[in-house]
Amino acid sequence: MSNKITPATSTQGFFQPKPTILNQWAEDRAIQRMAKLLLSESTLAARDAELTQFADDVLSKEVFKNIVDAERHPPYVRGDGFTAFGAPQDADALVTSAGWRYLQDFGLREGIVATGSAASLGPEARIVQALKVHLFAPSSSMVVCPSGMQDGAVYVLQKELARNKTQPPTDCPPELHAARKKVMETALAHLLNRDPSKAWTSGQWMTERKGGSDVRGTETIANYVGPAPKEMGTDVDGNPLGPWSITGFKFFSSATDCGCCLSLAYTENGISCFFSPTRRRLADGSIVMNGIRIQRLKNKLGTHALPTAELEINGMRGWLIGEEGKGVKVIATVLNNSRFHNSGESQQSTALC
Ligand SMILES: Cc1cc2nc3c(=O)[nH]c(=O)nc-3n(C[C@H](O)[C@H](O)[C@H](O)COP(=O)(O)OP(=O)(O)OC[C@H]3O[C@@H](n4cnc5c(N)ncnc54)[C@H](O)[C@@H]3O)c2cc1C
């Protein structure tokens, strides 16, 4: 028996055929079935070419090269030397890989977030968005995680602007109402922008050392201190900074490279939700962090390319969103929107078919 077997070598003997990933929009019958079930014939016909091209692009050499770069070069915090424990000293900036930035820009240009609010798609916008999220996620090195929070922030700000039409804000004096509205409209324009040089992702800062599931243990405090003094500057667009000053420590914050954040903090009336830009512009034109310092990045088992940080917040200026003391209800919109993105990213959506 043994005489009939030719011993295997590194190049001879049995080899399993290499799997080839084909265009998932054309190839994956489950996605096709779902799209046919949930989209009108006219939308499907109008979007077919775009989705075919997109499904090719996420498998392109350029995208794969950048996935490899993002995974090989995890983000780090630049510092001036190291402390005795090996942490960066006087950490002053987050450094992400070229691959991460490429993939984030790719997702922004492709409208991974903007598609969900595309007026031209009407009620079908979320379905087309979910298809794009599903096709992109495996090629994204998890830039789709910040996208989910960015999309959630869009929802929160849209809801707040709509609410203020009948319920004017009570968190600041009437002379700040117009500025407050402009801050939110400007932020929405960033969050929905497909031009990466103008677009913002958003952080969602809930989790603290006491735990993430139960935010009653929040140790971040927000105080109403009134309009920001001139020396604090403005937001990067020249709008005034919010009249609330937020101080605390956030223990697990992804999208550390975001342009804005929604965070939870205690006021005298309970846990409330605040919107803040992450950067301020000073009178001399320089851009500084809005009272935010990256303590360190998390060393995670997975999602290595995604910058997730511990953040020290000291006097971050912000605007109250929703009613004071009802912040969990407000930020739950971001959680629920992230759930929508997560199910689009996973196989769940196709398994349902
Ligand atoms: C990769 C990554 C990225 C993250 N990014 C962010 C981010 O951007 N922003 C942010 O705010 N957070 C972020 N988090 C934190 C995440 O949201 C929290 O881990 C999550 O909310 C759970 O909180 P915890 O880890 O403190 O666990 P805990 O809340 O301490 O829970 C531990 C265990 O106890 C269980 N448990 C808790 N409470 C109860 C209860 N009342 N009854 C029964 N069981 C309970 C939980 O199910 C869990 O099994 C991130 C986490 C990871 C891993």
Side-chain angles (χ1 to χ4, degrees), residues 67 70-71 74-77 94 96-97 100 103-104 107 112-113 133 137-138 140-157 191 200-222 246-266 271-278 289-313 316 318 321-322 326-346:
I67 297 171
E71 297 297 332
Y76 65 93
V77 180
L94 171 72
T96 53
S97 64
W100 170 265
L103 293 168
Q104 188 147 68
I112 289 297
V113 172
V133 168
S140 73
S141 272
M142 283 314 283
V143 302
V144 286
C145 166
S147 308
M149 296 189 284
Q150 177 185 348
D151 206 3
V154 168
Y155 254 147
V156 167
L157 295 181
L191 291 165
W200 283 354
T201 59
S202 174
Q204 178 251 115
W205 299 350
M206 290 177 66
T207 306
E208 302 200 1
R209 272 191 300 257
K210 270 197 176 172
S213 311
D214 186 351
V215 292
R216 282 174 304 178
T218 294
E219 294 176 310
T220 299
I221 303 290
I246 304 154
T247 297
F249 191 83
K250 295 292 176 184
F251 195 51
F252 232 116
S253 308
S254 297
T256 311
D257 48 354
C258 56
C260 64
C261 65
L262 289 164
S263 54
L264 288 186
Y266 265 110
I271 295 187
S272 309
C273 181
F274 293 87
F275 168 82
S276 305
T278 48
M289 294 306 281
N290 179 17
I292 305 159
R293 186 180 72 81
I294 302 174
Q295 158 108 342
R296 72 177 185 110
L297 292 186
K298 292 294 198 189
N299 190 8
K300 291 167 284 168
L301 287 173
T303 65
H304 291 138
L306 169 73
T308 306
E310 292 175 12
L311 301 172
E312 191 178 61
I313 301 172
M316 175 174 78
I321 304 289
K326 295 197 176 160
V328 175
K329 189 178 155 199
V330 177
I331 215 159
T333 299
V334 186
L335 287 183
N336 288 333
N337 203 67
S338 290
R339 287 180 175 132
F340 164 75
H341 276 254
N342 285 347
S343 57
E345 287 155 27
S346 69

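Scope of the values below: all heavy atoms of this structure, side chains included, with no hydrogens, waters or symmetry mates. One-based numbering, in listed order, for ligands and for the atoms of each. Just so you know, these numbers come straight off a predicted model, no measurement behind them.
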Atom 35 (C) of ligand 1 touched by protein heavy atom at under 4.0 Å: no
Test item: protein heavy atom less than 4.0 Å from atom 23 (O) of ligand 1: yes
OG1-CD1 distance between T247 and I313, expressed to the nearest 0.5 angstrom: 8.0 Å
Atom 49 (O) of ligand 1 within contact range, any protein heavy atom under 4.0 Å: no
Distance filter under 4.0 Å to S253 heavy atoms, resulting ligand 1 atoms: 7 (C), 8 (O)
Rounded distance [0.5 Å steps], CD in E219 versus CZ in R209: 6.5 Å
Close side-chain approach of F249 and Q295, heavy atoms under 4.5 Å: yes
Shortest protein heavy-atom distance from atom 2 (C) of ligand 1, along with the residue and atom involved: F252 CE2, 3.6 Å
Any donor-acceptor N/O pair, K329 side chain to G322 backbone, under 3.5 Å: no
Per-atom contacts of ligand 1 with M149, taking only distances under 4.0 Å to non-hydrogen atoms: 8 (O)
Contact atoms of ligand 1, heavy-atom distance to K300 under 4.0 Å: 1 (C)
Step-by-step side chain to side chain contact (heavy atoms under 4.5 Å, CB included) determination, S276 to I246: CA-CA 10 Å; S276 305; I246 304 154; 4.0 Å; yes
Flag: protein heavy atom within less than 4.0 Å of atom 44 (N) of ligand 1: no
S213 neighbourhood, listing ligand 1 atoms whose heavy-atom distance to it stays under 4.0 Å: 21 (O), 22 (C), 23 (O), 28 (P), 29 (O), 31 (O), 37 (C), 38 (N)
Any protein heavy atom nearer than 4.0 Å to atom 41 (N) of ligand 1: no
With sequence neighbours excluded, residues passing side chain to side chain donor-acceptor pair (under 3.5 Å) with N290: none
Polar contact flag for M206 and ligand 1 (N/O pairs, less than 3.5 Å): yes
Atom 32 (C) of ligand 1 touched by protein heavy atom at under 4.0 Å: no
SB check E208 K250 (cutoff 4.0 Å): yes
Atom 4 (C) of ligand 1 within contact range, any protein heavy atom under 4.0 Å: yes
From L311 atom CG to T278 atom OG1, the distance as rounded to the nearest 0.5 Å: 10.0 Å
N/O separation below 3.5 Å, T308 to ligand 1: no
Gap separating the CZ atom of R339 from the CG atom of N336, nearest 0.5 angstrom: 5.0 Å
Rounded distance [0.5 Å steps], CG in L297 versus CD in E310: 9.0 Å
Minimum-distance protein heavy atom relative to atom 15 (C) of ligand 1: T207 OG1, 3.3 Å
Identity and separation of the nearest protein heavy atom to atom 26 (O) of ligand 1: G212 N, 2.7 Å
Those atoms of ligand 1 less than 4.0 Å from some heavy atom in Q204: 7 (C), 8 (O), 9 (N), 10 (C), 11 (O)
Separation between CH2 of W205 and SG of C273, rounded to the nearest 0.5 Å: 12.0 Å
Residue, atom name and distance, where the atom is the protein heavy atom closest to atom 8 (O) of ligand 1: S254 N, 2.8 Å
Acceptor/donor pairs from residues 251-266 side chains to any protein atom, 3.5 angstrom cut, sequence neighbours excluded:
unit_1, atom_1, unit_2, atom_2, d
S254, OG, T308, OG1, 3.1
T256, OG1, S253, O, 3.1
T256, OG1, P307, O, 3.0
D257, OD2, W100, NE1, 2.9
Y266, OH, R216, O, 2.8

Close-contact set for ligand 1 against G211 heavy atoms, below 4.0 Å: 26 (O)
